[in-house]
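For this chain, numbers begin at 1 and follow the sequence in order. Order of listing sets the numbers, starting from 1, for every ligand and every atom in it. What you see is a predicted model, and the numbers here were worked out from it, not measured in a lab.
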Amino acid sequence: MSEVQYRQDLVRYARSLFERGYSSGGAGNISLKLPDGHILATPTNSSFGDLDADELSKVTMTGELVSGHKASKEVLMHLAMYRQRPACGGIVHLHSPWLTALSCLPDLDYENALPAITPYYVMRVGKLPVVPYIRPGSPEIAVHVERLSKEHNSILLANHGPIISGKNIREAVFNAEELEETAKLYFVLKPYGMKTLTNENIDELNTLFNMK
Ligand SMILES: O=C(O)[C@@H](O)C(=O)COP(=O)(O)O
Ligand SMILES: [Zn+2]
């Protein structure tokens with residue numbers, strides 16, 4: 001695939017997320033790994049709805065701008081995740097409504113904010129650890145993300161939103177969609193209580209269908 005195609009892919013997935021309400025205004029950022037080892041990211045203050053493929057920020061793995069507009073203020077957080085997950089090819093950070101609502105709950109389990117309520121959530125994500133609230137753009141977020149990324153493809157930033165990775169941008173978006181749906185289910189079920197999968201159920205899924 002050429003770099004032009006990677007750029008078009010990023011623009012297309014961003015627009016799709018925007019049109020379906022996963023991101024609004026200038027919220028969120030996306031990146032992917034290019035075959036040359038550089039990272040292509042959304043510029044700071046850009047909207048997922050109207051990205052220009054030629055203006056995307058191309059940065060080195062240490063964050064220097066190679067071309068395009070100034071990168072997202074969260075680029076260090078993305079780079080921390082790529083460093084810890086060598087097979088990762090795409091990352092999305094969203095302010096999607098259900099996950100952002102989840103990130104604001106007072107009684108969050110910081111080890112795992114979303115229990116194993118469905119098999120597909122277990123296959124794609126499994127566990128969702130939480131980083132305590134830190135202001136957006138702080139390099140300190142990257143330190144926490146680096147600590148958690150080795151074991152987890154998705155992390156929730158308290159009072160902010162999720163950062164979600166995948167083998168490529170398509171998989172990262174699929175994981176984000178599954179996670180957002182699971183957060184929605186969690187809120188729908190919370191007043192009634194919910195039956196979660198057993199450790200045996202989870203082990204079986206991880207053996208047969210691990211997509212993480
Ligand atoms: O919440 C924030 O301010 C950032 O995390 C964000 O989502 C958008 O920042 P930029 O990518 O720098 O526009
Ligand atoms: Zn954000």
Side-chain angles (χ1 to χ4, degrees), residues 6-7 9-34 38-82 88 90-105 108 110 113-114 128-149 152-166 169 172-173 175-177 179-180 183:
Y6 278 97
R7 285 173 181 270
D9 256 16
L10 195 154
V11 170
R12 188 164 51 84
Y13 282 112
R15 188 178 308 125
S16 160
L17 288 168
F18 184 85
E19 285 169 353
R20 290 178 294 136
Y22 282 81
S23 153
S24 52
N29 27 77
I30 301 190
S31 68
L32 59 76
K33 199 190 275 173
L34 291 166
H38 288 138
I39 301 299
L40 198 60
T42 46
T44 190
N45 290 327
S46 56
S47 166
F48 282 16
D50 62 2
L51 291 170
D52 181 332
D54 297 326
E55 291 175 354
L56 295 176
S57 318
K58 186 172 174 178
V59 299
T60 65
M61 275 299 285
T62 46
E64 288 88 24
L65 187 67
V66 175
S67 66
H69 287 195
K70 186 176 178 211
S72 164
K73 63 165 127 26
E74 306 292 14
V75 76
L76 291 180
M77 162 176 95
H78 288 239
L79 294 173
M81 203 166 222
Y82 284 114
C88 165
I91 295 177
V92 296
H93 161 59
L94 301 169
H95 297 180
S96 49
W98 294 103
L99 284 162
T100 304
L102 183 73
S103 81
C104 301
L105 288 182
L108 269 189
Y110 275 36
L114 272 182
L128 184 65
V130 182
V131 170
Y133 176 77
I134 300 167
R135 67 144 175 90
S138 166
E140 225 192 303
I141 299 184
V143 175
H144 286 273
V145 166
E146 183 126 27
R147 171 176 61 82
L148 293 166
S149 290
H152 303 283
N153 70 2
S154 304
I155 297 167
L156 192 62
L157 311 177
N159 294 85
H160 186 169
I163 171 166
I164 302 152
S165 66
I169 188 69
V173 169
N175 291 344
E177 290 168 350
L179 204 50
E180 179 69 2

Note: ligand 1 atoms sitting under 4.0 Å from heavy atoms of H93 are 5 (O), 7 (O)
Check whether any side-chain heavy atom of L94 lies under 4.5 Å from a side-chain heavy atom of F48, and answer yes or no.
-> yes
Kindly give the heavy-atom pair with the smallest separation between S57 and H69, and that separation in Å.
-> OG-O, 2.6 Å
Which residue owns the protein heavy atom closest to atom 13 (O) of ligand 1, what's the atom, and how far is it?
-> N45 N, 2.8 Å
Heavy-atom nearest pair, P162 first then H93, reads O-ND1, 2.9 Å
Between CE of M77 and OG of S31, what distance do you get to the nearest 0.5 Å?
-> 9.0 Å
Do me a favour and list the nearest non-hydrogen protein atom to atom 3 (O) of ligand 1 with residue, atom name and distance?
-> K73 NZ, 2.7 Å
For S72, take its heavy atoms, then give the atoms of ligand 1 lying under 4.0 Å from any of them.
-> 10 (P), 11 (O), 12 (O)
Minimum-distance protein heavy atom relative to atom 12 (O) of ligand 1 | T44 OG1, 2.6 Å
Which protein non-hydrogen atom lies closest to atom 4 (C) of ligand 1, naming both residue and atom, and how far is it?
-> E74 OE2, 3.4 Å
The Zn ion (ligand 2) as vertex, arms to NE2 of H95 and NE2 of H160: angle to 10°?
-> 100°
Give a yes or no on this: more than 12 heavy atoms of other residues, nucleotides or ligands lie within 6.0 Å of atom CD of E140.
-> no
Taking N or O atoms only and a 3.5 Å limit, does G28 qualify as a polar contact for ligand 1?
-> yes
Enter the distance from L32:CG to S165:OG here, rounded to the nearest 0.5 Å.
-> 13.0 Å
Taking distance alone, with no angle check, do S46 and ligand 1 share an N/O pair under 3.5 Å?
-> no
Side chains of S46 and N29: does their closest heavy-atom pair fall under 4.5 Å?
-> no
CD1 of I164 to CG of L179: how many Å apart, nearest 0.5 Å?
-> 5.0 Å
Is it the side chain, the backbone, both or neither of P136 that has a heavy atom closer than 4.0 Å to ligand 1?
-> side chain
protein heavy-atom neighbour closest to atom 8 (C) of ligand 1 works out as N29 ND2, 3.6 Å
In ligand 1, which numbered atoms sit nearer than 4.0 Å to a non-hydrogen atom of H160?
-> 1 (O), 2 (C), 5 (O)
Looking only at distances, please establish whether an N/O atom of ligand 1 is found under 3.5 Å from an N/O atom of T42.
-> no
One should read off an interatomic distance between S72 OG and H78 NE2, to the nearest 0.5 angstrom, of 5.0 Å
